[in-house]
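What follows is a set of notes on a single structure, which appears directly below.
Letters A, B, ... are given to chains in the order of the sequence lines, protein chains preceding strands, and every chain is numbered from 1.
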Number of protein chains: 2
Amino acid sequence: MSEPKPPKSSQRRPLADNPAVHDQVYEAIRQALITGRIAPGVGVSLRSLAAELGVSPMPVRDAVRRLVAERALAINPANKRLSVPSLTAARLEQLSQARLWIEPELAARAAPRADAALIKLLQSIDEEVDAALTLGDVDRYMTANHRFHFAIYEQAEADVLLSMAGGLWLQIGPFMRVVFGRVGADGLVADRHAEALEALKAGDAEGARRAIAADLSEGMDKMRAAVEAGG
Amino acid sequence: MSEPKPPKSSQRRPLADNPAVHDQVYEAIRQALITGRIAPGVGVSLRSLAAELGVSPMPVRDAVRRLVAERALAINPANKRLSVPSLTAARLEQLSQARLWIEPELAARAAPRADAALIKLLQSIDEEVDAALTLGDVDRYMTANHRFHFAIYEQAEADVLLSMAGGLWLQIGPFMRVVFGRVGADGLVADRHAEALEALKAGDAEGARRAIAADLSEGMDKMRAAVEAGG
DNA sequence: AGTCTTGCATTGTGATCGCAATTGCAGGCC
DNA sequence: GGCCTGCAATTGCGATCACAATGCAAGACT
């Protein structure tokens, strides 16, 4: 009845140190989405993703489910294969409108809480943004720009709104990549980060709101033009 | 070669017909959250939930992960036990503000698309709302109220915004239950459903926006009062 | 030669098992 | 009697297996 049952070679890493595997997978895919490294429409499979990342399909399933819940990935109900949602004008319009409400609001809430440490951090991130921009390094620009915005938003201490904003960036990432593909990096040099910094330094909530709104608005306009041009 | 098909005791339902088990579990928990049947703060375990629903822990894990991604459930990082997020004033304030932007917007978008079938459906749902209200049936009221709002929102054909609104209701459900616990069902009789119906019938986008905004605003005020009273 | 069918590989889903870690509860010590 | 300690039970995570269903490609038939 009881069999010796060879203990298997199931190699397991010590769970003691924090980051769970499915969280690492989540972060990996998340970063890929934010920087737009994953092309929309291509259907990948769970097992192939797992093999690519060197883990078992299980944590990938968990991570993918999170991303699907955040609408950063989509599942074809027929195939059940997963892909990045396609870039439609309707989607972009909704994402634009949502971002244009949430993110300026977060900036406004952050302004009164902005301290010297935040300003310093933002300045260094903005330098990174500019450096990536002059180098034409798309991934670096995307990552740095994301960090700039969310360094501000995190200061707002509004976790519900913050997570909504995070979900929106996950969905907008693929669109941003199209912009680079079409207009090139030069088309993006004009951001409103300096204005935002000034407003935050002065604790000017409405100024921060306007600066971020303008920054987003211009970026979304470019995306819209790129999407319309690309059909 | 006859196949009696006794291959295993693992009873598996034919996957052909659609609803996957983890989706059913998701819907079950979702409904429980929307109607506020799950009290905040209590920590349940995956296995206990699975046993309660009569399924294996696996689909429960999937469903819970979705709900955690939508911030409808929270995981205590120490215990790793999951619970409904506690009702803080800060959370309610953020949820209120987000709802007050998204849901009136969806109503405004739905107005030009409202046809006779929708009006008829809404009228019947609103009767259900009133019936539940006079009976004091909390679950029925919550469910019907939810259906009334989302029957409108779905007409907007804005899936991104719609899913955001859905996520917000999931988070607000527990708060709504507090209102009933404190002020009783009588405190909620005054909704703006009639006004919304009139505006939709006339295709009046701004009227629908105002009606839904007023409806939400009054409800959220009651919740705020209840939460502040309840500490 | 073109179209349909058949067969195999691959996929997502769910169940079960194993492991590390935490929790709960005794029982013992001061 | 109260506090601490040690052991058993429980929990989440990940791996592996099983199975139904789909995708794809080669073969068969007209």
- Nearest-Å distance for atom pair CD/P, residues A/E52 and C/dT10: 17 Å
- Message: Is A/R61 close enough to D/dC13 that one of its side-chain N or O atoms is under 4.0 Å from OP1 or OP2 there?
- Response: no
- Rounded to the nearest Å, what distance is computed from the NZ atom of residue A/K80 to the C1' atom of nucleotide C/dT13? 7 Å
- Query: Within this structure, what is the CG-to-C1' distance between A/N76 and D/dA21, rounded to whole angstrom?
  - Reply: 14 Å
- Message: Measuring from the side chain of A/P57 (C-beta onward, heavy atoms only), which nucleotide among D/dT16, D/dG12, C/dT11 has the closest atom?
- Response: D/dT16
- Thinking salt bridges, do B/R66 and A/D62 make one under a 4.0 Å N-O criterion? no
- Task: Check the distance between D/dG14's P and A/Q24's CD and give it to me in whole angstrom.
- Result: 9 Å
- Using a strict 4.0 Å threshold on nitrogen-to-oxygen distance, state whether A/D115 and A/K120 make a salt bridge. no
- Nearest whole angstrom, please: distance from the P of C/dA21 to the CZ of B/R81. 19 Å
- Message: Under 3.5 Å, is there a donor on one side chain and an acceptor on the other for B/R47 and B/S45?
- Response: no
- Separation of A/M58 atom CE from C/dC17 atom P, in whole Å? 14 Å
- Message: Among C/dA15, D/dA18, D/dG12, which nucleotide has an atom closest to any side-chain atom of B/S56?
- Response: C/dA15
- Item | Length of the NE2-P vector between A/H22 and D/dG14, whole Å | 5 Å
- Starting from the 5' end of DNA chain D, give me the residue, B/S48 or A/P59, whose nearest nucleotide shows up first. B/S48
- Item | Candidate nucleotides D/dG12, C/dG14, C/dT13, ranked by approach to the side chain of B/L46 - the nearest | D/dG12
- Task: Establish, for the pair B/R30 and B/W169, whether the NZ or CZ atom is under 6.0 angstrom from the six-membered ring centre and no further than 45 degrees off its axis.
- Result: no
- Query: So, is A/S45 near the phosphate of C/dT10, with a side-chain N or O under 4.0 Å from OP1 or OP2?
  - Reply: no
- Side chain of B/D62 only, please: which of C/dG12, D/dG14, C/dG14 is the nearest? C/dG14
- Item | Partner set under side-chain contact (heavy atoms from CB on, under 4.5 Å) for B/R109, not counting sequence neighbours | A/E93, A/Q94, A/Q97, B/E105, B/A156, B/A158, B/L161
- What's the CG-C1' distance between B/L49 and D/dT11, to the nearest Å? 13 Å
- Query: Taking for each residue the nucleotide of DNA chain C with the nearest heavy atom, is it B/V55 or B/R47 whose nucleotide lies nearer the 5' end?
  - Reply: B/V55
- Among D/dG14, C/dG14, C/dT11, the nucleotide that comes nearest once only the side chain of B/A20 is considered: C/dG14
